[in-house]
Amino acid sequence: MSFNKILTSCFLSSFMVVAHAVPMGDNPLKNVPFANQTNHGFSLDFDGSKFVKRSTQVNGEVISYRAIEKIVYVKNPVEAEYQTINFYVPEAYFLGKKLNGYSAETAPIFLPNSIGGYMPAVAATAEAKGMGGKTSTILQALKQGYVVASVGARGRTLGHDSNYTGKAPAIIIDLKSAVRYLHANDAKMPGDANKIISNGTSAGGAMSALLGASGNSTDYENYFAELGAAQASDSIFAVSAYCPITNLEHADMAYEWQFYTLTDYERMDMSKLTAQTYNDRSKGMPMITGSLDNKQLIVSQQLKAQFPSYLNSLNLKDTKGLPLQLDADGNGSFKDYIAERIVASANKAISEGIDLSNEKYLTIENGKVTAVNFDAFIAHKKRMKTPPAFDALDLSSGENNLFGDKTTNNKHFTAYSFENSQAKGKMADSNIIHIMNAMNYMDNPQSATYWRIRAGSSDYDTSHAISAILAIKLRMNGKQVDYALPWGIPHSGDYDLVELFSWIDKIAK
């Protein structure tokens, strides 16, 4: 029997559901039963008969697809509502048709996560609207012919509670377990599990990168047994990472290297941030504004001074093999490299009809940007975070919360903040810190081959150095990397889906 016939026989009955908008921050599947729960727990065998058929319009075109939602991807979930996959397949594949050149056997599996702020994230539904009321990325991916496995994961808190079950490394263990489920059921499911493409933004971008970098690493094995994860591969084909908040051990010094001249700040109030407020931004985010005091200025200078040594220790090189370095003042070829990315971004914006003639930090000759005054460019906005940007001395950051454990809610994860802690805080476990950083897996032979990394030129949530280091190191290790700093884009993702999907088609076909 052909694979298509197997699929058709599994999806025996259906009914039509018209997609509708779901308010951001809600879990529309909260009262929906789990798709794979049995009298003995949760089965890791994919059951294609438990589906619904849906239809909606995307840009005036009717998109029909089949959905199996709330598949728990481990046998022993800790927080089952988060540890799920919502699985969506274009209807065309059950009619023996192709879509965008793909079939049920060859379609890539798009794996988006909704992780933000390292908070817990339920698997997004196809019907939920994107930011600003836009059509969901999931529906647009289905229109493109991709199979979509929208994935949820535990996070540093659960709802309004500080629940240790979601502390690091739970978030990456969950994502890896979901990938293992897809590989284990590859013969039974539509889509090609050898072409899984992870997609995430911010902390979700960091986890997308870590998922791709650490494929099949033995560092995580002990955690899978506890959850009853499938005995299968957790490697993926490609990574799409928007503004990844990664490399946390070095993100504080990178932030001050780039933004030390900025003394005014406008930052998110992490103490008032919950999963609800993060996902539902209709009322605005809780913010704090002010200016750095003398103590913070000293911290900024001390962290800035540490960055060149770290950067130079990486032995980064450009595409010509020339070293990318910094001197003690933070100037050098690495800074020039980022400036070149900004120039390229500005020129792309001009080619798309954006007028940049009033941007005084740009040198424009004959309609083309030839140079950028890097420091003046940085000064056109306020900094978003106070120093240290991530490992707060008073343990108030979301990342401090991430590295907590059962007995201690918040912990330090850098030597600087631990030594200068205002809260006499504890240091997180060194092994957990290690396995949460994609940079520690750059030479992993089973990491993803294809990478697309985007960090907006107007994103001040982390230093552009962080994404640049990731992109350069991946390229140096033989990966195919598409890296850019899109002009005028703040801390956000999924804003260029046409380009993203074009990239996916290029690598997947």
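From a predicted model like this one, the values you see are computed outputs, not experimental measurements.
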Identify, with sequence neighbours excluded, every residue that meets salt bridge (charged side-chain N to carboxylate O under 4.0 Å, His left out) alongside D461. K385
Between S235 and H183, the two heavy atoms sitting closest are O-NE2, 2.9 Å
Salt bridge or not for E256 and R383, using N-O below 4.0 Å? yes
Close side-chain approach of T137 to P112, heavy-atom, < 4.5 Å: no
Nearest heavy-atom neighbours spanning I453 and S467: CG2-CB, 4.1 Å
On a heavy-atom basis, the closest approach of L356 and A346 is CD1-O, 3.5 Å
Any side-chain heavy atom of L248 within less than 4.5 Å of one from F403? yes
Run the side-chain contact (heavy atoms from CB on, under 4.5 Å) test on M253 and Y310 for me, step by step, so that the C-alpha distance in whole Å, both residues' side-chain angles and the decisive distance to 0.1 Å come before the verdict. CA-CA 9 Å; M253 58 180 73; Y310 165 67; 3.8 Å; yes
Indicate whether any N or O donor in one side chain lies under 3.5 Å from an N or O acceptor in the other, for Q306 and D252. no
Answer yes or no: are there more than 12 heavy-atom neighbours, outside K317 itself, under 6.0 Å from its atom NZ? yes
Under a 3.5 Å distance rule, please check whether K368 uses its side chain to pair with a backbone N or O of I350 as donor and acceptor. no
Are the side chains of K473 and N247 in contact, using a 4.5 Å heavy-atom criterion? no
Within the 4.5 Å heavy-atom criterion, are V239 and I197 side-chain neighbours or not? no
Flag, side chain of N347 to backbone of V369, donor-acceptor distance under 3.5 Å: yes
In the structure I gave you, are the side-chain heavy atoms of D174 and Y82 within less than 4.5 Å of one another anywhere? no
Verify ring-ring contact (aromatic ring centres under 6.0 Å, His included) between Y255 and H250, making sure each step is shown before the conclusion. CA-CA 9 Å; Y255 198 91; H250 306 100; over 10 Å; no
Enclosure of K381 NZ (heavy-atom neighbours >12, cutoff 6.0 Å): yes
Residue pair R156 / M119, side-chain heavy-atom distance below 4.5 Å: yes
Quick one: does NZ or CZ of K176 land under 6.0 Å from the six-membered ring centre of Y220, within 45 degrees of the ring axis? yes
Using the benzene-type ring in the case of Trp, are the ring centres of Y242 and Y495 under 6.0 Å apart? yes
Can you tell me if D394 and Q422 form a side-chain donor-acceptor pair at under 3.5 Å? no
Side chains of S333 and Q325 only: does a donor on one sit below 3.5 Å from an acceptor on the other? no
Rounded distance [0.5 Å steps], CG in L210 versus CD1 in I435: 8.5 Å
I'd like to know whether F501 forms a ring-ring contact (aromatic ring centres under 6.0 Å, His included) with Y146, so could you lay out the CA-CA distance, the side-chain angles of the two residues, the decisive distance to 0.1 Å, and finally the verdict. CA-CA 10 Å; F501 294 158; Y146 310 148; 5.4 Å; yes
About how many Å separate OG of S114 and CG of N199, when rounded to the nearest 0.5 Å? 9.5 Å
How close do A149 and I109 get, counting heavy atoms only, and between which atoms? CB-CG2, 3.9 Å
Centroid separation Y181 to Y73 less than 6.0 Å: no
Given salt bridge (charged side-chain N to carboxylate O under 4.0 Å, His left out), test D494 with K134 step by step and report yes or no. CA-CA 10 Å; D494 291 7; K134 294 181 179 179; over 6 Å; no
How long is the span from the CE atom in M207 to the OG1 atom in T246, to the nearest 0.5 Å? 6.0 Å
N/O donor-acceptor pair under 3.5 Å between R154 side chain and P120 backbone: no
For S217 and S214, indicate whether the former's side chain and the latter's backbone hold a donor-acceptor pair under 3.5 Å. no
Is the distance between the ring centroids of F377 and H464 under 6.0 Å? no
Taking atom CG of D391 and atom CG of N400, what is their separation to the nearest 0.5 Å? 5.0 Å
Is the backbone of G204 close enough, under 3.5 Å, to the side chain of T201 for a donor and an acceptor to pair up by distance? no
Taking the side chain from N312 and the backbone from P308, do they hold a donor-acceptor pair closer than 3.5 Å? yes
Would one find more than 12 heavy atoms of other residues, nucleotides or ligands at under 6.0 Å from atom CD of Q301? yes
Considering non-hydrogen atoms only, spot the tightest contact between A123 and N86 and give its length. O-ND2, 3.1 Å
A quick test of your reading: do over 12 heavy atoms of other residues, nucleotides or ligands sit less than 6.0 Å from CG of N431? yes
Of the options T157, D405, N409, which is the one that meets K167 in a side-chain hydrogen bond (donor to acceptor under 3.5 Å, both in side chains)? N409
Do any N or O atoms from the side chain of S421 and from the backbone of F418 form a donor-acceptor pair under 3.5 angstrom? no
Counterpart residues, side-chain contact (heavy atoms from CB on, under 4.5 Å), relative to D192 (two or more places apart): D186, N194, K195
Salt bridge (charged side-chain N to carboxylate O under 4.0 Å, His left out) partners for E419, two or more places apart: none
Could you grab the distance from atom CG of N437 to atom CE of M442, nearest 0.5 Å is fine? 8.0 Å
Answer whether the closest heavy-atom distance between the side chains of I378 and Y361 falls below 4.5 Å. no
Strictly below 4.0 Å, N to O, side chains only: are D482 and R454 in salt-bridge contact? yes
Between F413 and F390, ring centroids under 6.0 Å: no
Between R452 and E499, does any NZ, NE, NH1 or NH2 come within less than 4.0 Å of an OD or OE carboxylate oxygen? yes
Mind running salt bridge (charged side-chain N to carboxylate O under 4.0 Å, His left out) on D375 and K335 for me, showing each step along the way? CA-CA 10 Å; D375 293 335; K335 185 176 181 179; 3.3 Å; yes
Taking N444 for the side chain and G215 for the main chain, is one N or O donor matched with an acceptor at less than 3.5 Å? yes
Quick one: do D264 and K382 satisfy salt bridge (charged side-chain N to carboxylate O under 4.0 Å, His left out)? Show the steps, please. CA-CA 6 Å; D264 293 333; K382 295 179 180 179; 5.9 Å; no
Separation between OG1 (T319) and CG (L324), nearest 0.5 Å, reads 9.0 Å
Which atom pair, heavy atoms only, marks the closest approach of L362 to V372? CD2-CG2, 3.8 Å
May I ask you to decide if P490's main-chain N or O and S492's side chain share a donor-acceptor pair within less than 3.5 Å? yes
Whether the side chain of D318 engages the backbone of L322 through a donor-acceptor N/O pair (distance < 3.5 Å, no angle test) should be reported. yes
Report yes or no: do N477 and D443 form a side-chain donor-acceptor pair below 3.5 Å? no
Side chains of Y483 and R341, heavy atoms from C-beta outward: is any pair under 4.5 Å? yes
